Each structure stands twice: as C-alpha cells, then as structure tokens.
Amino acid sequence: METMSTEAIASVINVYFTNMAAMNPGGWVEIFAEDAVIYDPVGKPPINVSEDSEKFFGLLSSFFNSFEISQEQIFIAGNGAAVKWRMQVSAKNGREATAEGISVFEINDDGKIQQVLSYWNEAEMMAKLKG
C-alpha cells in the first residue's frame, strides 16, 4: 500500500465537505469507492454511498434551508485522516442549530474514500431544531 501525500488526502476531504455543504450528491459520490460506507453518526446503520446518496441528500434538502459545515482541524496519518468540524444548519421550520464532531476518513489505494466514521450528537441537534 502506497501512502498518499498529505495534500492529496486534504484535497479529497475538502471535496467531501464542500459538496456536503452545497448538498451536491453528484460531486460528493465521485470521491468515494464503489463499496464505500458512512457511519453518520456512529451507532446508526451505515449509509452505502453508491446506493443511498440520492436519498441521503434528498433528506438533507427537504429538512434544511441551509447547511454549513467547516473543517476546524485536520489530522492526517497514513492514508487516512480525522477532521474536527463544526456544522450550522437552518431548518425549514426557521429554527437554527449548531453541532460539532469528528469524522475519521479511510482512503483506499485509488485515492477514494472507503469509509467515514462520524462522531457527534445528532439527537441533540435535532432536538434543538424541533424545539
């Protein structure tokens, strides 16, 4: 297994976050391996990126008016990285909420994301949005 450059890993992760914030499933899916899975958050059933991305982004766009997510810190090791992030959302009902978390990325030999494990409190954010 050849180690990717830190620049290449940071670039793939930047595309992930940029397309997530833009709610752009097409650009987002391109950076994943065909059999990639996401645990978001960890503890929920996995999302199969190639099969579930349209549904996933459909849910995001039906619930949120705006969805901003920024990378606060990135820690790269080998062909993976951990990213501390902050998210700010505005729901269709007018309520707003923020959340913070850490996502761990595994990148395969082809430079595609193989797996993402996200650690954050989704239930707490949703409770804020429901009021």
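Just so you know, these numbers come straight off a predicted model, no measurement behind them.
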Audit row: Thr98, Arg86, side-chain contact (heavy atoms from CB on, under 4.5 Å) steps and yes/no: CA-CA 7 Å; Thr98 59; Arg86 180 177 177 84; 4.0 Å; yes
Salt bridge (Lys or Arg N to Asp or Glu O under 4.0 Å) between Glu34 and Lys112, worked out: CA-CA 9 Å; Glu34 280 187 36; Lys112 302 281 189 175; over 6 Å; no
Stepwise side-chain hydrogen bond (donor to acceptor under 3.5 Å, both in side chains) test for Asp35 and Gln114: CA-CA 7 Å; Asp35 59 346; Gln114 188 66 53; 2.8 Å; yes
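Taking all atoms of both residues into account, the shortest heavy-atom contact from Ser66 to Met23 is C-CE, 4.5 Å. Of all heavy-atom pairs spanning Ile9 and Ala81, the tightest one is CG2-CB, 4.1 Å. The two atoms that bring Ala36 and Ile113 nearest to each other are CB-O, 3.4 Å, heavy atoms only. Across every non-hydrogen atom of Pro46 and Val37, the tightest pair is CB-CB, 4.3 Å.
Atom OG1 of Thr3 is separated from atom CD1 of Ile76 by 12.0 Å, given to the nearest 0.5 angstrom. Going from atom CG of Asn19 over to atom CD1 of Ile31 covers 6.5 Å, rounded to the nearest 0.5 Å. Interatomic distance, Lys92 NZ to Ser62 OG, rounded to the nearest 0.5 Å: 7.5 Å. How far CD of Glu106 is from CD of Gln115: 4.5 Å, rounded to the nearest 0.5 Å. Between the CD1 atom of Ile38 and the NZ atom of Lys44 there is a distance of 11.5 Å, given to the nearest 0.5 Å.
No side-chain donor-acceptor contact under 3.5 Å links Ser53 to the backbone of Ser50. A side-chain donor-acceptor contact under 3.5 Å links Asn65 to the backbone of Ala91. A donor-acceptor pair under 3.5 Å is absent between the side-chain atoms of Asn14 and the main chain of Ala10, judged by distance alone.
A side-chain donor from one of Ser103 and Trp85 sits under 3.5 Å from a side-chain acceptor of the other.
When side chains are defined from C-beta on, Glu72 counts as touching Glu100, because their heavy atoms get closer than 4.5 Å. Counting heavy atoms from C-beta outward, Phe56 and Glu51 have side chains that stay 4.5 Å or more apart. Within the 4.5 Å cutoff, the side chain of Val83 has no heavy atoms near those of the Ile102 side chain. Residues Asn79 and Asn108 have side chains not in contact (no heavy-atom distance under 4.5 Å, counting atoms from C-beta outward). Trp120 places none of its side-chain heavy atoms less than 4.5 Å from the side chain of Val42. Residues Leu129 and Phe64 are in side-chain contact: their nearest non-hydrogen atoms beyond the backbone lie under 4.5 Å apart. Within the 4.5 Å cutoff, the side chain of Phe67 has heavy atoms near those of the Met87 side chain. Within the 4.5 Å cutoff, no side-chain heavy atoms of Ile13 are placed close to those of Ser11.
Ring geometry, Tyr16 versus Phe105: the interplanar angle exceeds 60°, so the pair is classed perpendicular (tilted spans 30 to 60°).
Following chains of ILVMFWY side-chain contacts shorter than 4.5 Å, one cannot reach Leu117 starting from Met20, and the two form parts of different hydrophobic clusters. Note: the hydrophobic cluster containing Ile47 also contains Met126 (ILVMFWY, side chain heavy atoms under 4.5 Å, direct or indirect links). When hydrophobic clusters are built by joining Ile, Leu, Val, Met, Phe, Trp and Tyr residues whose side-chain heavy atoms come closer than 4.5 Å, directly or via intermediates, Val104 is not grouped with Val49. Using a 4.5 Å cut-off between side-chain heavy atoms of Ile, Leu, Val, Met, Phe, Trp and Tyr, with links allowed through other members, Met125 and Phe63 fall into the same hydrophobic cluster. Linking ILVMFWY side-chain heavy atoms closer than 4.5 Å, directly or via other members, places Val29 and Leu60 in a single hydrophobic cluster.
Note: Phe17 and Trp28 fail the aromatic proximity criterion, with ring centroids not under 6.0 Å apart.
Atom NZ of Lys55 has 12 or fewer heavy atoms from other residues, nucleotides or ligands within 6.0 Å.
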